[in-house]
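Okay, so here's the structure we're looking at.
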Amino acid sequence: MPELPEVETVRAGLDRFVTGRTIESVEVLHPRAIRRHVAGAQDFADQLKGRTITGTRRRGKYLWLPLDDDAAIIGHLGMSGQLLVQPAEAPDETHLRVRFTFDDGGPQVRFVDQRTFGGLSVSPGGAELPDELAHIARDPMDPLFVDEEFVAALRRRRTDVKRALLDQTLISGVGNIYADEALWRAGLHGNRPTEKITRPAARRLLGHVRDVLNEALGQGGTSFDALYVNVNGESGYFDRSLNVYGRSGEPCRRCAALVRREAFMNRSSYSCPKCQPAPRQTRVRSVG
DNA sequence: AGTTGCCCCTGCGCGC
DNA sequence: TGCGCGCAGGGGCAAC
């Protein structure tokens, strides 16, 4: 569920509550929530006990908390994960998976995840980029993201442009909502083959991706329901600014044609039939 | 080697 | 009211 703006909102919210605090204990209430930590729940808790969190970082949809021993706690929210700051006396959430308590007796950090697609792990390399995240491309908010490298890499792909936007090894942080919104702004149908996107069109698309991510971040992200909230349990407001996502059958805000929904990889894509005409011919797939 | 589907889960809203 | 179905902000990984 959460894409870059939502994850960044969570990271920023977490920062002042965790930086400089020392972990007293870690309670794993559901093993699936730490499945990426292959050594298991006991090892996860043992490694973290007594460690001090030195800050908060993010790349794409992943965030991590560097520790005083150069490892880091990595967090991914999946579709329904939350990181909440809660007083010790707050009742356990229904889907509470992991609880962190600190030696100052202050608020706990809780990982709550209804569907358990998200999870936590401990990985070395926390100061720069945890080893586990080596395959994740820089996101477009990263000062070291190189636009022209993205443009070239996009055009080298042999896939459809929406699939490329969702590929976290090409560009990270973009998910189903913001891919659809950026494609609408760019006037491109998601099924357009990447090799036919011109360099200027690719640059424009990247600009729209950046714009929509920034605007959503300014609104605290997109919340359709109680599943996405910040560390204090508050919703974001970008849902009011969505132009196509989830607006099937409603008028396009640019041309009033009715927004269409198309099946896409067991999910949905939303687009304007006039502003984003489907490519005449779908990508030719190599055979044999 | 690059690309494509499947599948992991829980809950909600809808139609019958 | 109750059941079954489809759908949901993601990504790893086996199979082509």
Side-chain angles (χ1 to χ4, degrees), chain A residues 1-10 29-38 58-63 74-83 93-97 111-121 132-137 139 153-182 190-191 193-195 209 212-213 216-217 219-230 235-239 241-242 244-248 261-270 282-288:
Chain A
M1 112 199 276
E3 306 180 33
L4 187 153
E6 292 78 28
V7 178
E8 174 59 19
T9 300
V10 169
L29 293 102
H30 195 312
R32 221 185 118 71
I34 55 131
R35 67 194 177 285
R36 295 280 156 212
H37 190 84
V38 284
R58 182 191 55 73
R59 173 177 280 200
K61 304 173 195 173
Y62 285 87
L63 56 81
I74 301 178
H76 193 276
L77 303 179
M79 293 284 269
S80 55
Q82 306 172 341
L83 282 164
E93 292 76 8
T94 305
H95 302 291
L96 178 63
R97 308 306 190 191
F111 180 67
V112 176
D113 191 354
Q114 176 191 99
R115 296 173 71 183
T116 62
F117 285 176
L120 305 178
S121 57
E132 265 184 59
L133 304 186
H135 64 297
I136 302 296
D139 63 63
L154 177 79
R155 286 158 44 82
R156 275 197 301 271
R157 291 293 167 108
R158 292 296 174 265
T159 188
D160 298 344
V161 64
K162 180 166 174 182
R163 292 193 74 116
L165 285 180
L166 296 181
D167 184 342
Q168 306 295 301
T169 68
L170 177 66
I171 181 172
S172 68
V174 182
N176 209 29
I177 295 180
Y178 302 116
D180 279 4
E181 292 297 312
N191 287 349
T194 45
E195 65 262 43
V209 167
V212 75
L213 293 177
L217 179 57
Q219 300 292 313
T222 302
S223 301
F224 299 122
D225 51 36
L227 283 186
Y228 165 67
V229 291
N230 69 13
S235 292
Y237 294 99
F238 194 70
D239 60 312
S241 305
L242 296 175
V244 282
Y245 188 87
R247 297 192 62 244
S248 174
R261 173 189 175 277
E262 293 169 296
F264 171 78
M265 293 172 65
N266 288 331
R267 304 193 156 97
S268 302
S269 283
Y270 299 90
T282 48
R283 210 167 53 85
V284 179
R285 299 172 57 174
S286 60
V287 177

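Labels below follow one simple rule: chain letters A, B, ... track the order of the sequence lines, proteins then strands, and each chain is numbered from 1.
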Original post:
B:dC8, B:dT10, C:dG11: which one has an atom nearest the side-chain heavy atoms of A:F117?
Top reply: B:dC8
Original post:
If you find the nucleotide of DNA chain C closest to A:I136 and the one closest to A:Q114, which residue's nucleotide is nearer the 5' end?
Top reply: A:Q114
Subject >> Reference residue A:N176; test side chain to side chain donor-acceptor pair (under 3.5 Å); the match among A:K162, A:E3, A:R267, A:E181 >> reply: A:K162
Subject >> C:dG12 OP1/OP2 closer than 4.0 Å to side-chain N/O of A:R35 >> reply: no
Subject >> Under-4.0 Å side-chain N/O to phosphate OP1/OP2 contact, A:Y62 with C:dG12 >> reply: yes
Original post:
To the nearest Å, how far apart are A:M265 CE and B:dC8 P?
Top reply: 16 Å
Subject >> side-chain N/O A:H76 vs C:dG10 OP1/OP2, d < 4.0 Å >> reply: no
Original post:
Which nucleotide, B:dG11, C:dG12, B:dC9, lies nearest any side-chain atom of A:T116?
Top reply: B:dC9
Subject >> Test: A:D113 and A:R32 ion pair at under 4.0 Å >> reply: no
Original post:
Are A:K61 and A:D139 close enough for a salt bridge, meaning some N to O gap below 4.0 Å?
Top reply: no
Subject >> Which atom of A:T222 lies closest to which atom of A:E6, heavy atoms considered >> reply: N-OE2, 2.8 Å
Original post:
For the side chain of A:R115 and the base of C:dA8, is some donor closer than 3.5 Å to an acceptor across the two?
Top reply: yes
Original post:
Which of the following nucleotides, C:dG12, B:dG11, B:dC9, is nearest to the side chain of A:R36?
Top reply: C:dG12
Original post:
Between atom CG in A:L166 and atom P in C:dG11, what is the gap in whole Å?
Top reply: 9 Å
Subject >> Touch class at under 4.0 angstrom, heavy-atom based, for A:F224 against every strand present >> reply: base
Original post:
What is the distance from CG of A:L77 to P of C:dG12, rounded to the nearest Å?
Top reply: 14 Å
Subject >> Of the listed nucleotides B:dT4, C:dG10, B:dG11, the one nearest the side chain of A:T159 >> reply: B:dT4
Original post:
Over how many whole Å does the gap from A:D113 atom CG to C:dG11 atom P extend?
Top reply: 13 Å
Original post:
For C:dA8, does OP1 or OP2 lie under 4.0 Å from any side-chain N or O of A:Y270?
Top reply: yes
**OP:** Whole angstrom is fine here: how far is it from CD in A:E132 over to P in C:dC13?
**Re:** 10 Å
Original post:
With A:S121, which of A:H37, A:R36, A:E132 fulfils side chain to side chain donor-acceptor pair (under 3.5 Å)?
Top reply: A:E132
Original post:
What nucleotide, of C:dC7, B:dG5, C:dG11, holds the atom closest to the side chain of A:R163?
Top reply: B:dG5
Original post:
Which nucleotide sits closest to the side chain of A:R32: B:dC9, B:dG11, C:dG10?
Top reply: B:dC9
Subject >> Atom-pair distance (CZ on A:R267; C1' on B:dC8), nearest Å >> reply: 13 Å
**OP:** Between B:dT3, C:dA8, B:dG11, spot the one nearest the side chain of A:R157, thanks.
**Re:** B:dT3
Original post:
A:Q168 has a side chain; which of B:dC9, C:dG11, B:dT3 sits nearest to it?
Top reply: C:dG11
**OP:** Examine C:dG11: is either OP1 or OP2 under 4.0 Å from a nitrogen or oxygen in the side chain of A:H135? Give yes or no.
**Re:** no
Original post:
How would DNA chain B look in dot-bracket form, 5' to 3', counting Watson-Crick and G-U wobble pairs with both distances under 3.5 Å and writing | for bases paired to another strand?
Top reply: .|||||||.|||||||
Original post:
Regarding A:Y62 and A:S172, is there a side-chain donor-to-acceptor distance under 3.5 Å anywhere?
Top reply: no
**OP:** Measure from the side-chain heavy atoms of A:E3 and tell me the nearest of B:dT3, C:dG10, B:dT10.
**Re:** C:dG10
Original post:
Does the pair A:S241 and A:Q219 meet the rule for a side chain to side chain donor-acceptor pair (under 3.5 Å), with working shown?
Top reply: CA-CA 9 Å; A:S241 305; A:Q219 300 292 313; 5.3 Å; no
**OP:** Choose from B:dC8, C:dG12, C:dC7 the nucleotide whose nearest atom is closest to any side-chain atom of A:R261.
**Re:** C:dC7
Subject >> A:N230 side chain to A:T9 backbone, donor-acceptor under 3.5 Å >> reply: no
Subject >> Rounded interatomic separation in angstrom, taking NZ from A:K162 and P from B:dT3 >> reply: 18 Å
Subject >> Passing candidate, side-chain contact (heavy atoms from CB on, under 4.5 Å) with A:S80, options A:D225, A:V112, A:L227, A:T116 >> reply: A:L227
**OP:** Please figure out whether A:H30 or A:R156 has its closest DNA chain B nucleotide nearer the 5' end.
**Re:** A:R156
Original post:
Within the structure, does a side-chain N or O atom of A:S268 lie under 4.0 Å from either OP1 or OP2 of C:dA8?
Top reply: yes
Original post:
In whole angstrom, what separates A:M79's CE from B:dC7's P?
Top reply: 17 Å
Original post:
More 5' along DNA chain B: A:D167 or A:T94, using each one's nearest nucleotide?
Top reply: A:D167
